[in-house]
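Some notes on the structure that comes next.
Only a predicted model underlies this, so the values are computations on that prediction, with no experimental measurement involved. All ligand and atom numbering here is 1-based and tracks the order in the structure.
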Amino acid sequence: MALHVVILAAGKGTRMRSDRPKVLHEIAGKPMLHYVIETARALDAAQIHVVYGHGGDQVRAASAHYPVNWVEQAQQKGTGHAVQQVAPHIPDDATVLVLYGDVPLTQVQTLQSLIDAAAAGHLGLLTAILDDAGSYGRILRDADNSVVAIVEYRDATAEQRAIREINTGMLAAPAGRLKQWLSAIDADNAQGEYYLTDIIGLAAADGAEVVTSHPQHAWEGDGVNSRQDQARLERIYQGLLAEALLADGVTIADPARIDIRGSLACGQDVFIDVNTVFLGEVTLGDGVTVGPNTIIDGCRVAAGTHIRENCVLERSVIGENCTIGPFSRVRPESDLAARVHLGNFVELKKARVAEGTKINHLSYVGDAIVGRDVNIGAGTITCNYDGANKHLTEIGDDVFVGSDTQLVAPVKVGRGVTIGAGTTVTRDIPDDLLCISRVPQQHIEGWQRPRKKRR
Ligand code: UD1
Ligand code: CA
């Protein structure tokens, strides 16, 4: 039976106090709606329908890479009204699963039991038992413990509010019956909205069995209505990611002080220190260590490399057994071979650096191709920008660049060249020479330093 997933994402999210539509607010650097769409895709849905309304253009633009059917709900008249908009897009013999764009962490296995109940002709409902049931809808059961209705908090009596079993909002039903129930709901309630939850009472009256299940973890049903909810869910999610890495054999100095906003794949015996942030896709090879206060964004780091404290590495490839930092910045499109050393206050940008080369102090190497076993002295700068265009600096193998050298690009330094400290290189240097452009040193005899006038 074909599965159609309906994701409700039309609401405004007033309590976020934001210009951004609520479902685009992020957990671990990814919009909440995208988690829900990806969960729906993992369920092998025949079609995923996303109900949009508030900030619809933004929501659609941010999610354009997903193959979903966008259904507009021009006015937000309630969750039941939202599902009604999708009804014409769903064949009667399908199974429908309703998810929420602001409930990002529901697991695939949890939803499978709802789908199974619906496929058997029942209404599957995901409920949870909470110590503090807050303003969730309450589940009403009869003397036989069968679900007979859901009452929204705002419409509930004091007695009903004392019920601890709540509606997570997620449900599944056979499409044909769901459509019948939906056509019978009204807006006769405290909020004047068409409640999806009213179909439960209608289904029960219709003789349908309401099959409830609970998520394995309480947070699976947690929705985000405020920044507080978002921050809490972010911590829960980061905790899960850290747990998974620990289980995989990674040492994490403090699982509460690592943030992963993307994917982090680690080899064996990786060590990650505190206050580290990983963005995009990051791979760390065997034995890699990452020092404290370091940010790694979209990099591949090969085995045995030590990234020390306070480094920022972006969209680059780092070879085996390198030493990076402290205080190194590697900007996008850099590519370091094995055994490269980068030290304090060294900035690389779009630099290809071959094996064994050392750039240890206070240098800028941008738009450059640097050979093997080169030693770049302190304060060396590639002058890659003429105010309009960027130019390439090429440095051959075994070059020794003295401290405080400027390489004015475009320029080529031949292999084996030695450059004296303080040189400004403006022309290509042939192999194996000494290049020096220093102003000759002068000694002025009897020089008198100016003195302050006495008053
Ligand atoms: C809903 C449930 C409540 C449940 C809670 C769980 C109803 C009537 N109530 O309440 O029983 O305990 O979720 O979190 O369903 N939306 C639309 N169009 C609308 C209204 C809402 O797309 O016209 C979307 C929202 O963007 C949101 C979701 O539906 O993603 C839930 O809406 P919300 O107003 O937050 O419902 P709750 O009051 O939380
Ligand atoms: Ca909600």
### Query
Would you say the side-chain atoms of Q47 pair up with the backbone N or O of A45, donor to acceptor, closer than 3.5 Å?
no
#### Entry: Short side-chain to backbone donor-acceptor contact, R138 and I166, under 3.5 Å
no
### Message
For Y52, does the six-membered ring have the charged nitrogen or CZ of R60 within the cation-pi criterion, i.e. under 6.0 angstrom from the centroid and within 45° of the normal?
### Response
yes
Can you tell me if [X] has over 12 outside heavy atoms packed within less than 6.0 Å of its [atom1]?
{"X": "K30", "atom1": "NZ", "result": "yes"}
{"X": "E281", "atom1": "CD", "result": "no"}
{"X": "Q109", "atom1": "CD", "result": "yes"}
{"X": "D186", "atom1": "CG", "result": "yes"}

Evaluating non-hydrogen atoms only, which member of [options] is closest to [atom]?
{"atom": "atom 12 (O) of ligand 1", "options": "N167, I199, V50", "value": "N167"}
{"atom": "atom 24 (C) of ligand 1", "options": "L8, I7, L196", "value": "L8"}
{"atom": "atom 23 (O) of ligand 1", "options": "G101, A9, A10, G78", "value": "G78"}
{"atom": "atom 3 (C) of ligand 1", "options": "Q76, K12, Q75, E152", "value": "E152"}

### Query
Taking N or O atoms only and a 3.5 Å limit, does G11 qualify as a polar contact for ligand 1?
yes
#### Entry: Geometric N/O contact G137 with ligand 1, under 3.5 angstrom
yes
Show me which atoms of ligand 1 lie under 4.0 Å from any heavy atom of [X].
{"X": "T197", "result": "7 (C), 8 (C), 9 (N), 11 (O), 15 (O)"}
{"X": "K77", "result": "23 (O)"}
{"X": "T79", "result": "7 (C), 8 (C), 15 (O), 20 (C), 21 (C), 29 (O), 31 (C), 32 (O)"}
{"X": "T168", "result": "6 (C), 14 (O)"}

### Query
Does I166 come within less than 4.0 Å of ligand 1, judged by its heavy atoms?
no
### Query
Under the ring pair (Phe, Tyr, Trp, His ring centres under 6.0 Å) criterion, do Y385 and Y364 qualify, and how do the steps go?
CA-CA 12 Å; Y385 187 50; Y364 173 62; over 10 Å; no
#### Entry: Test applied, side chain to side chain contact (heavy atoms under 4.5 Å, CB included); reference residue, I307; option that passes from L313, I272, D273
L313
### Task
For ligand 1, note which part of S135 has a heavy atom under 4.0 Å away: side chain, backbone, both or neither.
neither
### Query
Heavy atom under 4.0 Å from ligand 1: found in Q73's side chain, backbone, both, or neither?
side chain
